[in-house]
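Worksheet for the structure shown next.
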2 protein chains.
Amino acid sequence: MSIGIKISLNDKLYLRDPQETSLGQNIIKHSILLIDEIGFEAFTFKKLAIKMNSTEASVYRYFENKHLLLLYLVSWYWEWVSYLIDINTMNIKSAEERLNIIISTLVFAHKENPAIDYVNESVLHRLIIAEGTKAYYTKLVDKENTVGFFSNYKMLCEKVASVISEVNADFPYPRALASNLFEMANSHSYFAIHLPRLTDVKVKDDNYEEVKDMLEHFTHSLLSK
Amino acid sequence: MSIGIKISLNDKLYLRDPQETSLGQNIIKHSILLIDEIGFEAFTFKKLAIKMNSTEASVYRYFENKHLLLLYLVSWYWEWVSYLIDINTMNIKSAEERLNIIISTLVFAHKENPAIDYVNESVLHRLIIAEGTKAYYTKLVDKENTVGFFSNYKMLCEKVASVISEVNADFPYPRALASNLFEMANSHSYFAIHLPRLTDVKVKDDNYEEVKDMLEHFTHSLLSK
DNA sequence: AGGGAGCGGATAGTATTACTATAATAAAGA
DNA sequence: TCTTTATTATAGTAATACTATCCGCTCCCT
């Protein structure tokens, strides 16, 4: 059962809104599982259709191609994180404390309570860590940016940047620090598992505590006056 | 004319060493230009062969597939940067100064003197900015890491981390800062041009000065005692 | 109750991609 | 010169990334 939150996304991301129908919800559900399982490069609409007992043509009625499906999932993810940040920081007066909560939310997103039944947020988080950047490293960025495909991410960045500026109004790079926190939360979670020599943090048994500690250290060090 | 530097790469990256033959050098040269032009997803060995007046089968004699070709280019790039850092920091005693030179080298790599005639380093730098991370965000990371495909990048990371530790031996995240400098140098150069709301720096007319300033600010702020 | 409209399923078809195989030719080395 | 090896030319296959058409099933409206 959904707890009633509504993730609103740019409606040009899809041909038919997948949140509205059970086939659409199934596409979301199984695409998350399948991309996580075999990786985005090997993922095809055909394989997805077979896995969910539907047809390729039916999937194409919802998404133009797999790149836009990925963009949809990425947008969904950041919108969800944005929602988590809102409820987790609600009524917290101290900007410092809110920033710490933001960092924890980024790193521990996969441990939050599921919000929507057809989305496995924990798997989605792992997928975003491994495939997320492919959504904007493409020859189509500029066109897609114009249409507003990255607005969720940019708005979240802005939201965090404003908290950063609240902590230290003189810090000259609030947006860059914000986007860097998102990137580092994901990349160092990935490095710790797959390329440990590129980082100093360790992740074992799904324990990302050290990633959080590092991001807090970086942030406080950068924002201390 | 080559100035005689030798870029040595893991020999499992290729089937036949492209540096040894003129066909191989042509593959490197034109693949850089073509990937930069149409993007890695649209890039195929067929298109490359047509562009360089050869055949698909000939390209396949040098590289197993386009993913390994990308890995080759990425390794080449980081090895080249590593070489640039070595000569640029040679005989500089102050670790602080060496770290600044490293940052400048990362950001301004495309402005360095060409080292090898069949590699357009300036285009390669742009390619790495836009496509570089795709080399390690793949389902094959663990296997490829075992074979040593990322050792160039990891060694460079270690080299920079040791300078960081020299500047401040108490800083607990030297490797993470090092890899983050590489990532930020590239990602914020990309953001400044394509997704400016994700950063605070501006890049115009090929002037990346502000990226450098930001990285220096971050680094000094993090390493000050 | 009848008639659309629209959804999803089934099937077919096309151009391109990602290769592998093989024979013929050109170049390079002994 | 003979032999090896590299490169080209050509062909072929399975999978990918789609597009198109038709058909049956639910609704929803009247």
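Just so it is clear: chains get the letters A, B, ... in the order the sequence lines come, proteins before strands, and each one is counted from 1.
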Enumerate the side chain to side chain donor-acceptor pair (under 3.5 Å) contacts for residues 41-50 of chain A, please, sequence neighbours excluded, ordered by first and then second residue.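 Applying side chain to side chain donor-acceptor pair (under 3.5 Å) to every pair that reaches into residues 41-50 of chain A, excluding sequence neighbours, yields Glu41(A)-Lys134(A).
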Considering every strand and a 4.0 Å limit on heavy-atom distances, what is the contact class for [X]: base, sugar-phosphate, or nothing?
{"X": "Arg16(B)", "result": "sugar-phosphate"}
{"X": "Tyr62(B)", "result": "sugar-phosphate"}
{"X": "Glu64(A)", "result": "sugar-phosphate"}

May I have the step-by-step check of side-chain contact (heavy atoms from CB on, under 4.5 Å) for Tyr208(B) and Ile193(B), ending in yes or no? CA-CA 10 Å; Tyr208(B) 294 78; Ile193(B) 294 170; 3.7 Å; yes
Which is more 5' along DNA chain C, the nucleotide nearest Ala57(B) or the one nearest Ser54(A)? Just name the residue.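 So the residue in question is Ser54(A).
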Just the rounded figure in Å: distance from [atom2] of [N] to [atom1] of [X].
{"X": "Ile50(A)", "N": "dG8(C)", "atom1": "CD1", "atom2": "P", "value": "19 Å"}
{"X": "Glu56(A)", "N": "dA10(C)", "atom1": "CD", "atom2": "C1'", "value": "12 Å"}
{"X": "Glu20(A)", "N": "dG6(C)", "atom1": "CD", "atom2": "P", "value": "16 Å"}
{"X": "Ile27(B)", "N": "dT7(D)", "atom1": "CD1", "atom2": "P", "value": "8 Å"}
{"X": "Leu69(B)", "N": "dC19(C)", "atom1": "CG", "atom2": "C1'", "value": "15 Å"}
{"X": "Tyr60(B)", "N": "dT22(C)", "atom1": "OH", "atom2": "P", "value": "18 Å"}
{"X": "Gln25(A)", "N": "dC7(C)", "atom1": "CD", "atom2": "C1'", "value": "15 Å"}
{"X": "Lys46(B)", "N": "dC19(C)", "atom1": "NZ", "atom2": "P", "value": "14 Å"}

Tell me whether the OP1 or OP2 atom of [N] has a side-chain N or O from [X] closer than 4.0 Å.
{"X": "Thr21(A)", "N": "dG8(C)", "value": "yes"}
{"X": "Lys47(B)", "N": "dT16(C)", "value": "no"}
{"X": "Ser58(B)", "N": "dT8(D)", "value": "yes"}
{"X": "Lys66(B)", "N": "dT17(C)", "value": "no"}

Partners of Asn120(A) by side chain to side chain donor-acceptor pair (under 3.5 Å), sequence neighbours excluded?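 If we apply the side chain to side chain donor-acceptor pair (under 3.5 Å) test to Asn120(A), skipping adjacent residues, there are no hits.
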Parallel, tilted or perpendicular: rings of Tyr153(A) and Trp78(A) (30°, 60°):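 Trp78(A) vs Tyr153(A) ring planes: tilted.
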Please state whether the rings of Tyr14(A) and Phe63(A) are parallel, tilted or perpendicular, taking 30° and 60° as the class boundaries.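 The arrangement is perpendicular - the two ring planes meet at more than 60°.
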